[in-house]
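Computed over heavy atoms, backbone and side chain alike; hydrogens, waters and symmetry mates excluded.
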Amino acid sequence: MTVPERQDPLDAATRATRSLQGLSTELTARVPQLLEAMRSVGTGLELHSTLDRICQTAAELAGARYAAIGVVDEEGSGLSDFVTHGVSDEVAERIGRRPDGHAGLLGALIHHPDPMRLADLTKDPRAAGFPPGHPPMRTFLGVPIRVQGEIFGNLYLAEKSGGGVFTDYDLHMVRVLATEAGIAIGNARLYEAARQRERWIDGSVAVTTALLSGGDADDALVVVAEQARRLADSAAGIVLLPAEEGGLEIVAVSCDHPATSMGVVIPEDSPVVRELLAGDAVFVADAATDPRMISRLSEQYGPAMLLPLHSGGRVLGALATPRARGARPFTDAERTLATQFASQAALALMMADAQRDRERLAVYEDRDRIARDLHDLVIQRLFATGMMLESAQRKSVVPAVQDGVGKAVDELDVTIQEIRTAIFALQQGPAEAPSGLRTRVLREINMAAVPLGFTPAHRFVGAIDTTVGDLTGKNLIAALREALSNAFRHARAGRIEVVVDATVTLADGAPGVRLSVGDDGVGIPAGGRRSGLRNLARRAESLGGSSWCGPGIGEDGGGTTVVWQAPLRSPE
């Protein structure tokens with residue numbers, strides 16, 4: 001697209017003021033005022049502030065109490081915007097709806113864009129009267145504003161100061177000002193269009209980054225909805241994906257009350273859904289009254305864009321950006337930019353799906369390899385070890401040795417069963433989530449029951465499955481296994497209690513989890529080995545925690561209690 005060059009205000013002023021040559025001394029004396037007004041109009045690039053500045057400057061230049069600019073809509077049949085000067089907010093609120101330019105003097109200027117000067121507008125046959133609350137106006141001056149040869153809108157002035165009428169001098173001055181206003185508006189529109197394109201590009205980058213970051217897919221879809229709402233300046237941003245029963249389901253919403261629409265399914269017999277699934281964009285002037293909008297959600301909205309998320313000939317879903325009722329319609333530029341945004345979002349969705357498929361495939365392949373290794377190597381070796389132990393048990397004549405070897409064989413059988421369970425889990429699909437920390441703790445307790453001859457008691461405090469991080473959880477299980485093993489080998493206990501508490505506060509004030517394994521055994525003998533306890537301490541300290549021993553749960557504190565604690569979530 002070719003971008004028109006910005007026009008030089010000084011050249012425009014020179015051309016415009018040539019028409020002043022030969023005019024009266026009074027008009028010539030007002031040229032400095034005109035030049036100052038033109039300088040003021042050409043300051044700044046933001047479109048709406050430029051329109052405000054033009055109204056104020058024109059009113060001061062012509063001595064008018066009221067001024068306004070009506071921006072002609074893209075169809076050229078009415079007004080898409082109406083900027084005023086001299087009308088207070090209270091009066092504007094009392095008037096209510098702004099003029100649409102379809103009738104009256106404003107409509108006449110749209111259809112016949114020629115200068116209009118009236119001594120009493122109320123007596124003009126084209127006048128349509130004022131709405132209730134409108135201030136009285138009599139004298140009137142209207143001049144068209146052209147931007148790059150096309151009608152942009154009209155500049156209206158009313159109520160000449162002092163009770164007089166607008167003169168030929170006023171008309172000449174305002175026409176020159178309108179020429180400069182057209183240039184200033186053109187430059188502001190170019191700047192606004194460039195800023196708008198930049199915002200949409202930044203939004204597309206944000207969506208692509210969110211979708212390809214490997215994070216939660218639902219969060220990424222919310223980013224799409226939020227960006228679309230912000231960029232389109234709409235009341236809501238809505239992402240819809242194909243529903244299992246047909247139609248489109250709302251899966252992500254960015255609006256003031258998202259909970260009311262999440263999960264709503266637009267049926268496949270909706271005309272809009274059929275068009276979207278066919279890959280066609282749908283632009284609605286008023287969602288509340290359009291017969292194609294069969295969902296009750298549309299009753300609260302006005303102009304809306306509904307865009308298919310399609311890429312590579314495949315429709316992945318749809319994106320909707322409705323505005324509030326009575327809001328301005330979407331421009332052609334906004335429709336084009338939104339369509340490009342939807343296409344970019346669809347491409348990012350496809351890339352994210354492909355990336356997740358590759359990651360899942362890699363995980364499945366790794367799980368298959370681990371399962372094969374466990375079955376072909378580990379279980380076979382455990383079987384061989386068990387057979388060797390059984391052979392040694394039969395050859396031994398010492399009852400204590402036979403009993404100890406028998407217990408070792410039983411523990412091997414339990415271990416083999418656990419490995420087979422793990423192999424089965426590895427070979428399953430991703431439907432089942434990994435076991436939580438509570439389940440893994442119970443598994444260790446049940447495994448320890450075989451060599452102990454009884455099942456240790458257990459108690460959980462706090463939501464350990466949701467609050468304890470992965471790294472801390474893995475080390476806690478290892479610490480539990482070590483503590484139970486020590487109790488079996490050394491304590492000669494008749495009772496063991498395991499407590500996992502995820503509500504403790506560590507010495508440094510950080511939230512933590514504490515594992516306590518208490519028994520009623522013989523306690524720790526003086527001068528005995530401490531290798532197991534040192535292992536527990538090292539594990540805790542590596543995470544920023546600690547470990548120690550205390551009195552047991554037997555009578556008068558008999559036995560030992562091993563305590564191991566660490567922060568809930570340690571650096572991975």
Practice problem: Check whether more than 12 heavy atoms from other residues, nucleotides or ligands sit under 6.0 Å from atom CZ of R138, and answer yes or no. | Solution: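 Yes.
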
Practice problem: For atom NE2 of H112, decide whether the heavy atoms of other residues, nucleotides or ligands shown that lie under 6.0 angstrom number more than 12. | Solution: no

Give, for atom [atom1] of [X] and atom [atom2] of [Y], the distance between the pair rounded to the nearest 0.5 Å.
{"X": "M116", "Y": "L121", "atom1": "CE", "atom2": "CG", "result": "10.0 Å"}
{"X": "T336", "Y": "F330", "atom1": "OG1", "atom2": "CZ", "result": "13.0 Å"}
{"X": "I201", "Y": "Q340", "atom1": "CD1", "atom2": "CD", "result": "8.5 Å"}
{"X": "E60", "Y": "L177", "atom1": "CD", "atom2": "CG", "result": "10.5 Å"}
{"X": "L337", "Y": "L231", "atom1": "CG", "atom2": "CG", "result": "9.0 Å"}
{"X": "R569", "Y": "T467", "atom1": "CZ", "atom2": "OG1", "result": "7.0 Å"}

I'd like to know if the side chain of [X] and the backbone of [Y] have a donor-acceptor N/O pair within less than 3.5 Å.
{"X": "R323", "Y": "A304", "value": "no"}
{"X": "S161", "Y": "G63", "value": "yes"}
{"X": "Q344", "Y": "F341", "value": "no"}
{"X": "R229", "Y": "T321", "value": "no"}
{"X": "K160", "Y": "L141", "value": "no"}
{"X": "T472", "Y": "L568", "value": "yes"}
{"X": "R65", "Y": "A59", "value": "no"}

Least distance between heavy atoms, [X] atom then [Y] atom:
{"X": "C55", "Y": "H85", "result": "CB-CB, 3.7 Å"}
{"X": "I145", "Y": "L155", "result": "CD1-CB, 4.0 Å"}
{"X": "I238", "Y": "A225", "result": "N-CB, 4.4 Å"}
{"X": "P322", "Y": "S234", "result": "O-CB, 3.2 Å"}
{"X": "V143", "Y": "A178", "result": "CG1-CB, 3.8 Å"}
{"X": "P242", "Y": "G317", "result": "CD-CA, 4.1 Å"}

Would you check if [X] and [Y] make a side-chain contact, meaning some heavy-atom pair closer than 4.5 Å?
{"X": "D233", "Y": "R328", "answer": "yes"}
{"X": "P115", "Y": "P144", "answer": "yes"}
{"X": "V265", "Y": "E249", "answer": "yes"}
{"X": "L306", "Y": "V284", "answer": "yes"}
{"X": "F166", "Y": "L118", "answer": "no"}
{"X": "M293", "Y": "V272", "answer": "yes"}
{"X": "V87", "Y": "Y66", "answer": "yes"}
{"X": "I266", "Y": "L240", "answer": "yes"}

Exercise. With R335 as the cation and F283 as the aromatic partner, state whether NZ or CZ is under 6.0 Å from the six-membered ring centre and within 45° of the axis.
Key: yes

Self-check item: Cation-pi geometry met for R146 and F152 (6.0 Å, 45°)
Solution: no

Self-check item: Under-4.0 Å salt bridge between R175 and E180
Solution: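 Answer for the salt bridge query: no.
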
Quiz prompt | Note: R117-D170 ion pair, threshold 4.0 Å (strictly below) | solution = no

Quiz item: What residues, two or more places apart in sequence or in another chain, satisfy side-chain hydrogen bond (donor to acceptor under 3.5 Å, both in side chains) together with R292?
Solution: D290

Self-check item: Pairs meeting criterion side-chain hydrogen bond (donor to acceptor under 3.5 Å, both in side chains) with involvement of residues 279-289, two or more places apart
Solution: D286-T289

Quiz item: Looking only at side chains, do R199 and Q196 share a donor and an acceptor under 3.5 Å apart?
Solution: no

Quiz item: What's the verdict on side-chain contact (heavy atoms from CB on, under 4.5 Å) for V315 and L276, showing C-alpha distance, side-chain angles and the deciding distance?
Solution: CA-CA 8 Å; V315 177; L276 290 171; 6.0 Å; no

Practice problem: Dump the intermediate steps for side-chain contact (heavy atoms from CB on, under 4.5 Å) on I54 and T50, then the final yes or no. | Solution: CA-CA 6 Å; I54 291 171; T50 298; 4.0 Å; yes

Quiz item: Going through the distances and angles, do L109 and D114 end up as a side-chain contact (heavy atoms from CB on, under 4.5 Å)?
Solution: CA-CA 7 Å; L109 268 172; D114 298 313; 6.0 Å; no

Exercise. Test side-chain contact (heavy atoms from CB on, under 4.5 Å) on F82 and I69 and set out the steps.
Key: CA-CA 6 Å; F82 196 75; I69 291 179; over 6 Å; no

